[in-house]
Student: 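Quick one: the structure is below, questions incoming.
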Amino acid sequence: MRIALVHDWLPLFSGAEQVVAQIMRVTGPSDLYTLFDFLSEEDRDRIGAKQIIASYLNKLPFCERYYRWTFPLCPMAIESFDLSAYDLVVSSSAAFAKGVITHPHQRHIAYVHTNVRYAWDQTFEYMAGTPLSRSPLKPLLLLLLHRLRIWDSRTANGPDVLLANSSTVKRRIEQVYGRKSFVLPPPVSLEDFPLTVDKDDYFVVASRLVSYKRIDLIVDAFAQMPTKKLVILGDGPEMAKLTSRATPNVVFKGHVSRSELIQSISRAKAFIFAAYEDFGIVMVEAQAAGTPVIAFHHGGSRDIVIEGHSRAPQTGMLFAEQTVECVKQAVEDFSATEKAFSSYACHDNAKRFSTQSFRDRFEKVVEFTTSPDFRRSSIELNERSVLELAQMTDGRGALGAALV
């Protein structure tokens with residue numbers, strides 16, 4: 001079977017590129033199409049593609065400095081890829097990749113990290129954060145985002161199967177595209193974070209210091225809890241602002257090595273996460289190390305953290321609002337019930353998100369989608385997840401029969 005992978009762009013090897021690498025482990029070395037490719041040779045080897053084909057936009061001078069601002073040109077560029085020679089197309093999309101043009105004889109699986117957030121539910125946050133919204137170019141920017149929404153909606157009908165990386169993205173797909181999707185969490189390299197049972201007396205944050213991560217809430221909360229220590233790992237444009245308001249019990253370590261980051265998360269009594277993220281791989285990494293997670297009760301945290309009311313052992317606490325008071329209360333509640341959290345339970349919880357689990361489930365989806373019995377209508381009408389059904393059978397025929 002001839003397989004092509006399509007990914008938005010390759011600026012560096014991070015979480016989305018890890019997904020592509022694990023998909024490539026299932027499909028075997030395949031051709032990878034992308035809008036921009038800025039990877040080092042080492043990172044290209046980590047992905048494992050047969051070859052990487054970049055769009056004509058990749059030839060723009062110094063495009064690595066401004067490639068995100070080329071979004072008005074990206075729909076046309078992604079549609080320029082001729083994929084007619086392939087039997088199966090797999091797209092990894094947070095914006096444009098799902099919009100490739102396919103033919104009736106092909107099957108298309110789209111792994112959706114999210115839809116184009118700055119064109120949909122985060123439009124107003126995006127407009128508030130860009131200087132263009134305060135210039136004469138604002139009407140043009142609004143028009144471009146409007147046209148992007150139209151294109152994004154149209155191309156959502158192309159894939160045969162939509163996979164969402166979290167229940168939040170699944171809901172967004174239903175809300176924006178009106179289509180059914182199935183949750184397949186991204187793969188996490190759990191072996192990098194071995195179980196650590198002995199914890200030190202501090203809480204930890206690991207994040208790029210940008211405004212939407214809401215590190216300010218955590219810093220202000222700990223200013224009201226002077227006996228509790230907070231360690232913040234990471235750097236970013238908010239560093240000066242955050243350090244100016246921090247109290248002595250808050251320690252900023254800036255950018256640290258991978259080994260120090262792992263050590264700091266593993267030894268912490270709890271990991272704190274105040275952002276609204278679609279998934280949040282770092283929360284899984286903390287759980288793998290046996291570290292409980294205190295997080296905002298929206299986004300990927302709801303998929304990752306097991307609260308006390310569940311039948312499974314508790315692995316963290318979720319707070320309802322992004323406020324200083326809620327963060328403070330959650331930390332104090334955790335401290336009062338700290339013995340109820342088991343590092344072993346946290347570690348076992350993280351196994352749900354292993355790279356092997358991802359590959360096993362994705363392979364079943366490929367088998368199902370390429371089966372002669374496959375019908376898109378059977379997915380839309382079926383109430384159970386294709387991923388759940390995929391785990392019930394090893395045969396294509398039985399899976400197809402279950403859905404028809």
Student: Examine the side chains of Q356 and D360 and answer whether a donor and an acceptor come within less than 3.5 Å of each other.
Tutor: yes
Student: So that I know where these two stand, are F273 and F296 an aromatic pair - ring centroids less than 6.0 Å apart?
Tutor: no
Student: With rounding to the nearest 0.5 Å, note down the distance linking CG in L83 to OH in Y33.
Tutor: 5.5 Å
Student: Could you check if a side-chain atom of Q18 sits within less than 4.5 angstrom of a side-chain atom of T355, using non-hydrogen atoms only?
Tutor: yes
Student: How long is the gap from CH2 on W151 to CD1 on I78, to the nearest 0.5 Å?
Tutor: 7.0 Å
Student: Under the criterion salt bridge (Lys or Arg N to Asp or Glu O under 4.0 Å), I'd like the reasoning laid out for E338 against K228: C-alpha separation, chi angles, the key distance, then a yes or no.
Tutor: CA-CA 14 Å; E338 188 175 342; K228 293 179 171 58; over 6 Å; no
Student: For R352 and N349, which I'm curious about, is there any donor-acceptor pair between the side chains at under 3.5 Å?
Tutor: yes
Student: So does R46 pair up with E42, basic N to acidic O under 4.0 Å?
Tutor: no
Student: Would you say M225 and S335 make side-chain contact, with heavy atoms under 4.5 Å?
Tutor: no
Student: To the nearest 0.5 Å, tell me how far E260 CD sits from H255 NE2.
Tutor: 10.0 Å
Student: What is the distance from atom OG of S211 to atom NZ of K241, rounded to the nearest 0.5 Å?
Tutor: 7.5 Å
Student: Are the ring centres of F222 and F203 closer than 6.0 Å?
Tutor: yes
Student: Examine the side chains of Y212 and E238 and answer whether a donor and an acceptor come within less than 3.5 Å of each other.
Tutor: no
Student: Do you know which of D43, L32, I52 makes side chain to side chain contact (heavy atoms under 4.5 Å, CB included) with D37?
Tutor: I52
Student: Taking ring-ring contact (aromatic ring centres under 6.0 Å, His included) as the criterion, tell me which of Y56, F62, Y67 meets it with F36.
Tutor: Y67
Student: As an exercise, state the distance from CD of E321 to NE2 of H298, rounded to the nearest 0.5 Å.
Tutor: 8.5 Å
Student: Taking the side chain as every heavy atom from C-beta outward, state whether V210 and P237 have any atom pair closer than 4.5 Å.
Tutor: yes
Student: Rounded to the nearest 0.5 Å, how far does CD1 of I101 lie from CD of Q106?
Tutor: 11.0 Å
Student: Side chains of R172 and Q175: is there a donor and an acceptor less than 3.5 Å apart?
Tutor: no
Student: Side chains of V19 and P187, heavy atoms from C-beta outward: is any pair under 4.5 Å?
Tutor: yes
Student: Could you check whether any side-chain heavy atom of I47 comes within less than 4.5 Å of a side-chain heavy atom of L39, counting everything from C-beta outward?
Tutor: yes
Student: Does the side chain of R68 reach to within under 4.5 Å of the side chain of W9, using non-hydrogen atoms?
Tutor: yes
Student: Check the angle between the aromatic planes of H113 and H7 and answer parallel, tilted or perpendicular using the 30° and 60° thresholds.
Tutor: perpendicular
Student: Side chain of Q22, backbone of F358: donor and acceptor closer than 3.5 Å?
Tutor: no
Student: Are any of the side-chain heavy atoms of T370 and D87 separated by less than 4.5 Å?
Tutor: no
Student: Return yes if some donor-acceptor pair links the side-chain N/O of D31 with the main-chain N/O of I53 below 3.5 Å, else return no.
Tutor: no
Student: For the backbone of V366 and the side chain of T369, can you confirm whether one donor and one acceptor N or O come within less than 3.5 Å of each other?
Tutor: no
Student: Do the side chain of S181 and the main chain of L162 share a donor and acceptor less than 3.5 angstrom apart?
Tutor: no
Student: Any side-chain donor paired with an acceptor under 3.5 Å for K351 and S357?
Tutor: no
Student: Counting the benzene-type ring for Trp, do F353 and F279 have ring centres under 6.0 Å apart?
Tutor: yes
Student: Is there a side-chain contact between P313 and Y344, using heavy atoms and a 4.5 Å cut-off?
Tutor: no
